[in-house]
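Computed over heavy atoms, backbone and side chain alike; hydrogens, waters and symmetry mates excluded. Both counts, for ligands and for their atoms, begin at 1 and track the order of listing.
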Amino acid sequence: MTIVIEVNIMKSVKIADGVYWVGVKDWDRRMFDSLIPLPEGTSYNSYLVVGSEKSALIDTVNPGFEGELEGKISEIVDVADIDYIVMNHAEPDHSGAIPYLLEKNEKVILIATEKGVDMAKAYYDVPDKRIMVMKDGDVISLGGKTLRFIEAPWLHWPETMFTYLVEDKILFPCDFFGAHLAGGFYDDDVPNLLTYAQRYFGEIMMPFSAMAGKALQKLENLEIDIIAPSHGPIYRNPRRIIEAYKRWSSGEIKEKVLIAYVSMWGANEAMVRELAALLTAEGVDVKVHNLVNADIGEIAKDLVDSAVIVLAAPTVLGGAHPLAIYAAYLVKALRPPARYAVIIGSHGWHGRSKDSLLEVLKGSKLELLGDLEVRARPGEGDYEKLRQLAQLIKEKVRGGVE
Ligand code: FEO
């Protein structure tokens, strides 16, 4: 006997006349790129635009959800009747259903940037005859619905672009303006949405802040009523997220210090607690992350607007504790706007923590503001040095936001 369990999956949602959300809420996903924790899942937003003559699907969904996507599309049009698939971004969370759709629909044409064509072939074996290349500013008409394509490279891969629906003033920017969040449909459903968006910016967009700034300039003269990203809620009040992206991508920092530490026998923890207390007493916003159980996404979020980064770690195995090496690597790779680093460390017989962390950070724009290395445990003289470090940090934090 076969047991069939009926799953009541969310239906398609009309977001404007002829424009439908046909995406997927992935409540269970807990990691992205095997790197970024997703404590609240994510969504793969796909949008169907139906004109009087043609229809286009903007972005698809993660592999494994093809059937759910097809079910939602089928509420509106037959999958075999879609004319275009717009591939704003080739990463599989948005384009993983392309091979399935191409097989179900023999006529559908994939729209991509020139670099997107290369990606579509490499990842999905899409043949040339099924691809149409779009350049910046190119348009296609679906009949009363005009799609304009805006090249926006490196947001988040080299091939990325945005799609703008002219008549309805809807921007489909794929990853840009996204948030890894399964819950909520519109921005006003999620009161603290900007916190999720900042985390996402730190994880995905911060390394490409310069490109984000260029893309925002391109959007400057565009009338935008709705931003429909491919992760997280849809913005029907787009101003707030646009302004936040301007701040984040321009490297606007706060009177804020991020401390990431690891402690084996309590010395680094004691110094971090003291430093955090001294700074907090001065009115500095301090975020402390214990690397043993830290959420990398939260660290990325705090890197977006911190003025100073403090790394604290003991020497073990001939260098800084591996968790601190990992954190330093991420700090370098994510390219946060902070200009100053402070390194704290401890050792039993030979201190090698600072040098190994500086080696990892080499090539970043971080300047070493100060450091403190203690043997075994901090003594009174070390606490005095911490007070001096706190003073130095406070001056830089205040200077950084003036
Ligand atoms: Fe949501 Fe870069 O993929």
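Asp93 contributes OD2 as its N, O or S atom closest to atom 1 (Fe) of ligand 1. The nearest N/O/S atom of His156 to atom 2 (Fe) of ligand 1 is ND1. Per residue Glu91, closest N, O or S atom to atom 2 (Fe) of ligand 1: atom name OE1.
Look at Asp175 and atom 2 (Fe) of ligand 1: an N/O/S atom of the residue is under 2.8 Å from the metal. Residue Cys174 does not count as close to atom 1 (Fe) of ligand 1, with no N, O or S atom under 2.8 Å. Among the atoms of His94, an N, O or S atom falls under 2.8 Å from atom 1 (Fe) of ligand 1.
A donor-acceptor contact closer than 3.5 angstrom links the side chains of Thr42 and His180.
Ring centroids of Tyr235 and Phe177 are separated by 6.0 Å or more, keeping the two rings apart.
A perpendicular orientation is assigned to the rings of Phe32 and His231, their planes being inclined by more than 60° (bins at 30° and 60°).
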Quiz prompt | side-chain hydrogen bond (donor to acceptor under 3.5 Å, both in side chains) between Glu75 and Ser12, intermediate numbers included | solution = CA-CA 7 Å; Glu75 293 167 17; Ser12 62; 2.5 Å; yes

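In this structure, Arg236 forms a cation-pi arrangement with Tyr186, its terminal cationic atom sitting closer than 6.0 Å to the ring centre and no more than 45° off the ring axis.
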